[in-house]
Peer 1: 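Attaching a single structure in structure tokens format; questions to follow.
Side chains included, hydrogens not; waters and symmetry mates left out as well; all remaining heavy atoms used. Because the structure is predicted, anything quoted here is derived from the model rather than measured.
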Amino acid sequence: MTSTPHLRLAVNASAAVAVVLVVAAAGLLRWRRPAWYWPTFGVTLAALRALIRYTTVMEACGLTVPPSRWRLALARATNRPVPESCPPRILRLRPTRTGLVLRLKLRPGQDAFDVAAASDRLRHSFSMYGVTSRELRSGVVEVRMTGYDVLKRVQMPARLDTRPMRVPVALREDGSVHYRDYRAIPHALTLGATESGKSVYQRNLVAGLVPMDVALVGIDCKQGVELFPLARRFSALADNPDTAAELLDALVTRMQGVYQLIRAEQRITADMPDAEIAADIWDLPDDIRPTPTVVLVDEVAELALFASREEEKRRDRIITALVQLAQLGRAAGIYLEIYGQRFGSELGKGITMLRAQLTGRTAHRVNDETSANMAFGDISPDAVLAAIQIPAEMRGLAIAGDSTGGWHHIRAPHTSLRQTVNICNRHADRTPGLPELAPFRPVLPGTPAAPVLLSKAAPATA
């Protein structure tokens with residue numbers, strides 16, 4: 001009996017030590033490994049904090065509405081206190097790998113813009129790293145809250161939603177994966193100054209494309225230093241403007257041939273259902289469908305500059321071919337990826353016409369506001385401001401948008417040129433031979449190098 005108090009003291013001391021160790025472990029994980037801290041401790045604490053503070057936070061952020069008339073009348077009739085203002089109703093609270101997702105049902109009189117405008121206040125109130133919102137349908141808004149800076153050390157999820165012509169290339173600021181979907185957005189423009197991370201983004205795109213049944217065509221007027229190391233997986237390559245002009249003419253010829261095939265196989269008869277009438281290569285049977293082609297143009301300004309009349313004629317020929325491919329290439333399965341450090345109207349006639357056809361827009365750090373305006377000026381002024389505010393030390397950080405006006409912060413996982421070369425060599429047997437592009441097929445001696453493990457984590461930055 002006399003030992004009972006001592007036993008209780010020992011148990012309490014052990015419990016206190018255990019609590020201190022757990023708190024210390026949680027603090028260490030949050031500081032050094034936030035991606036580990038979140039599923040172990042962070043998600044539970046954040047969910048409890050969101051549920052406990054929800055009504056107070058919504059009222060403080062102006063996201064409540066006065067009680068309805070019938071509730072007021074009922075309160076008066078029953079001599080009860082006046083009911084409080086009503087916040088949006090929580091339909092679902094779902095934890096994710098990087099944060100929380102709240103699905104809210106808006107009250108009458110509320111708008112999705114109200115929630116978007118209060119995103120920064122919600123971030124502070126719920127003690128989260130970032131908050132974004134989007135309207136799912138009329139009256140329903142999804143609020144995605146991020147628990148930590150997912151772009152500081154990019155780590156792609158193990159399970160990715162990959163489909164034909166859909167490549168995971170980066171991670172968004174809300175923790176979701178940013179895909180390059182050629183079926184939805186056929187052509188894209190990617191801008192970025194020197195050492196901004198544009199090449200790493202390109203490598204991730206190529207690394208995702210090479211395992212697919214797709215032909216890769218490259219134009220690299222920097223004497224091929226970016227794309228020629230990947231030559232074993234490319235069906236055609238050009239390293240100077242003269243060869244690029246001939247290659248683009250060959251692509252236009254191939255596009256016209258594909259359209260003739262589609263026309264011959266449209267199968268328009270009186271008893272044919274509309275859904276089976278071929279209008280592009282994806283409506284054709286698999287056995288006759290032409291191989292889709294992705295054209296990567298590295299440093300487009302080198303194709304648009306000229307110093308003599310002959311070079312001006314070549315430049316007009318190149319831009320005309322690019323505009324033709326951008327306007328007509330989608331149905332023929334030809335997709336453009338235009339890269340450049342600078343993209344402005346001073347590059348000459350036809351540039352703005354080309355820009356209008358490039359639906360996907362990605363801008364890394366740029367050196368001037370004009371380039372950001374060329375990327376997002378016709379999409380969103382907020383995206384222009386975000387693009388010119390990217391810090392130099394955050395290499396790889398970019399703004400991705402499209403013609404709908406939506407935009408996101410993204411960052412691609414770090415992938416070295418050696419790693420991309422190994423992936424291209426590993427899938428060299430998938431390189432299709434296109435008859436129209438046979439003169440431009442790179443021929444390289446030797447055997448593929450030994451593969452190196454592809455890391456999916458970007459190095460942490462200060």
Peer 1: Might you confirm whether atom NZ of Lys313 has over 12 heavy atoms from other residues, nucleotides or ligands at distances under 6.0 Å?
Peer 2: no

Peer 1: For the side chain of Arg395 and the backbone of Ala392, is there at least one donor-acceptor N/O pair under 3.5 Å apart?
Peer 2: no

Peer 1: Are the side chains of Val150 and Arg97 in touch, meaning some heavy atoms are under 4.5 Å apart?
Peer 2: no

Peer 1: Just so I know, are the side chains of Phe306 and Pro241 near enough to count as touching, which here means a heavy-atom distance under 4.5 Å?
Peer 2: no

Peer 1: Could you tell me if the side chain of Asp111 sits less than 4.5 Å from the side chain of Asp114, heavy atoms only?
Peer 2: yes

Peer 1: Between Arg203 and Thr415, is there a side-chain donor-acceptor contact under 3.5 Å, judged purely by atom types and distance?
Peer 2: no

Peer 1: So how far is it from Arg315 CZ to Glu302 CD, rounded to the nearest 0.5 Å?
Peer 2: 13.0 Å

Peer 1: Residues in side chain to side chain contact (heavy atoms under 4.5 Å, CB included) with Pro211, at least two apart?
Peer 2: His427

Peer 1: Run the side-chain contact (heavy atoms from CB on, under 4.5 Å) test on Cys221 and Glu299 for me, step by step, so that the C-alpha distance in whole Å, both residues' side-chain angles and the decisive distance to 0.1 Å come before the verdict.
Peer 2: CA-CA 7 Å; Cys221 290; Glu299 199 49 63; 5.9 Å; no

Peer 1: Kindly give the heavy-atom pair with the smallest separation between Val131 and Met145, and that separation in Å.
Peer 2: CG2-CG, 3.7 Å

Peer 1: Applying salt bridge (charged side-chain N to carboxylate O under 4.0 Å, His left out) as the test, list every pair that has at least one member in residues 163-174; sequence neighbours left out.
Peer 2: Arg144-Asp174, Asp161-Arg163, Asp161-Arg166, Arg166-Asp181

Peer 1: Nearest 0.5 Å, please: how far is NE2 in His408 from OG1 in Thr362?
Peer 2: 11.0 Å

Peer 1: Please report the interatomic distance CG(Leu102) to OG(Ser133), rounded to the nearest 0.5 Å.
Peer 2: 11.5 Å

Peer 1: State whether the side chain of Asn204 and the backbone N or O of Ala412 hold a donor-acceptor pair below 3.5 Å, judged by distance alone.
Peer 2: no

Peer 1: Between Arg180 (side chain) and Ile185 (backbone), is there a donor-acceptor pair under 3.5 Å?
Peer 2: yes

Peer 1: Would you say the side-chain atoms of Arg365 pair up with the backbone N or O of Ala193, donor to acceptor, closer than 3.5 Å?
Peer 2: no

Peer 1: Determine the minimum heavy-atom distance between Ala244 and Ile219, stating which atoms define it.
Peer 2: CB-CG2, 3.7 Å

Peer 1: Using a distance-only test with no angle check, is there a side-chain donor-acceptor pair under 3.5 angstrom linking Thr194 and Gln341?
Peer 2: yes

Peer 1: Could you list all the ring pair (Phe, Tyr, Trp, His ring centres under 6.0 Å) pairs where at least one residue sits in residues 182-223, not counting sequence neighbours?
Peer 2: Tyr182-Tyr335, Tyr201-His364

Peer 1: Once rounded to the nearest 0.5 Å, what's the spacing between atom OG1 of Thr293 and atom CG of Leu434?
Peer 2: 5.5 Å

Peer 1: Report the residues that fulfil side-chain hydrogen bond (donor to acceptor under 3.5 Å, both in side chains) with Arg94, sequence neighbours left out, ordered by chain and then residue number.
Peer 2: none

Peer 1: Going through the distances and angles, do Tyr339 and Val297 end up as a side-chain contact (heavy atoms from CB on, under 4.5 Å)?
Peer 2: CA-CA 6 Å; Tyr339 294 84; Val297 180; 6.0 Å; no

Peer 1: Glu337 and side chain to side chain contact (heavy atoms under 4.5 Å, CB included): which partner among Val206, Asp298, Val294?
Peer 2: Val294

Peer 1: Is the number of heavy atoms from other residues, nucleotides or ligands under 6.0 Å of Glu311 CD greater than 12?
Peer 2: yes

Peer 1: Only counting residues at least two apart or in another chain, list the ones meeting side-chain hydrogen bond (donor to acceptor under 3.5 Å, both in side chains) with Arg123.
Peer 2: Asp120

Peer 1: Any heavy-atom pair between the side chains of Asp239 and Phe228 that's under 4.5 Å?
Peer 2: yes

Peer 1: Determine the minimum heavy-atom distance between Arg232 and Asn425, stating which atoms define it.
Peer 2: CD-OD1, 2.9 Å

Peer 1: Name all residues meeting the salt bridge (charged side-chain N to carboxylate O under 4.0 Å, His left out) criterion together with Lys105; count only those two or more places apart in sequence or in a different chain, and write none if there are none.
Peer 2: none

Peer 1: If we only count heavy atoms from C-beta on, is the Lys198 to Thr190 side-chain gap below 4.5 Å?
Peer 2: yes

Peer 1: I'd like to check the salt bridge (charged side-chain N to carboxylate O under 4.0 Å, His left out) partners of Arg317; sequence neighbours left out, ordered by chain and number.
Peer 2: Asp249

Peer 1: Between Asp286 and Arg289, does any NZ, NE, NH1 or NH2 come within less than 4.0 Å of an OD or OE carboxylate oxygen?
Peer 2: yes

Peer 1: Go through the steps for Arg426 and Asn422 under the test side-chain hydrogen bond (donor to acceptor under 3.5 Å, both in side chains), then give the verdict.
Peer 2: CA-CA 6 Å; Arg426 193 181 307 135; Asn422 292 336; over 6 Å; no

Peer 1: Check Ile262 against Ile281 and note the closest heavy-atom contact, atom names and distance.
Peer 2: CD1-N, 3.8 Å

Peer 1: List in chain and number order the residues that pass side chain to side chain contact (heavy atoms under 4.5 Å, CB included) with Gln389, two or more places apart in sequence or in another chain; answer none if no residue qualifies.
Peer 2: Leu385

Peer 1: To the nearest 0.5 Å, what is the distance between OG1 (Thr420) and CD (Glu226)?
Peer 2: 10.0 Å

Peer 1: Which atoms form the tightest heavy-atom contact between Ala304 and Ile351, and what is the distance?
Peer 2: CB-CD1, 4.4 Å

Peer 1: So for atom CZ, which belongs to Arg330, do other residues, nucleotides or ligands contribute more than 12 heavy atoms lying within a distance under 6.0 Å?
Peer 2: no

Peer 1: Going by the rule side-chain hydrogen bond (donor to acceptor under 3.5 Å, both in side chains), which residues pair with Arg134 if we only count those two or more places apart in sequence or in a different chain?
Peer 2: Glu142

Peer 1: Can you list the residues that meet the side chain to side chain contact (heavy atoms under 4.5 Å, CB included) rule with Ala46, with sequence neighbours excluded?
Peer 2: Trp38, Arg49, Leu100, Met128

Peer 1: Once side chain to side chain contact (heavy atoms under 4.5 Å, CB included) is applied, do any residues pair with Glu135, and if so which ones, sequence neighbours excluded?
Peer 2: Ala112

Peer 1: Among Leu417, Val210, Leu216, which one satisfies side chain to side chain contact (heavy atoms under 4.5 Å, CB included) with Leu230?
Peer 2: Leu417

Peer 1: For Tyr129 and Asp149, test the side chains for any donor-to-acceptor distance below 3.5 angstrom and give the result as yes or no.
Peer 2: yes

Peer 1: Counting C-beta onward and ignoring hydrogens, is there a side-chain heavy-atom pair between Val177 and Pro157 closer than 4.5 Å?
Peer 2: yes

Peer 1: Could you give me the CA-CA distance, side-chain angles and deciding distance for Val217 and Phe440, then say whether side-chain contact (heavy atoms from CB on, under 4.5 Å) is met?
Peer 2: CA-CA 9 Å; Val217 175; Phe440 309 97; over 6 Å; no

Peer 1: Would you indicate whether the side-chain heavy atoms of Pro290 and Leu284 approach each other to under 4.5 Å?
Peer 2: yes

Peer 1: Is any side-chain heavy atom of Leu106 less than 4.5 Å from a side-chain heavy atom of Val140?
Peer 2: no

Peer 1: Which residues satisfy the side-chain hydrogen bond (donor to acceptor under 3.5 Å, both in side chains) test with Asp213, sequence neighbours excluded?
Peer 2: Arg430

Peer 1: At their closest point, which heavy atom of Ala250 faces which heavy atom of Leu437, and how far apart are they?
Peer 2: CB-CD2, 3.7 Å

Peer 1: Side chains of Thr243 and Asn240: do they bring a donor and an acceptor to under 3.5 Å?
Peer 2: yes

Peer 1: In Å, rounded to the nearest 0.5 Å, how long is the span from CG of Leu354 to CD1 of Ile318?
Peer 2: 12.0 Å

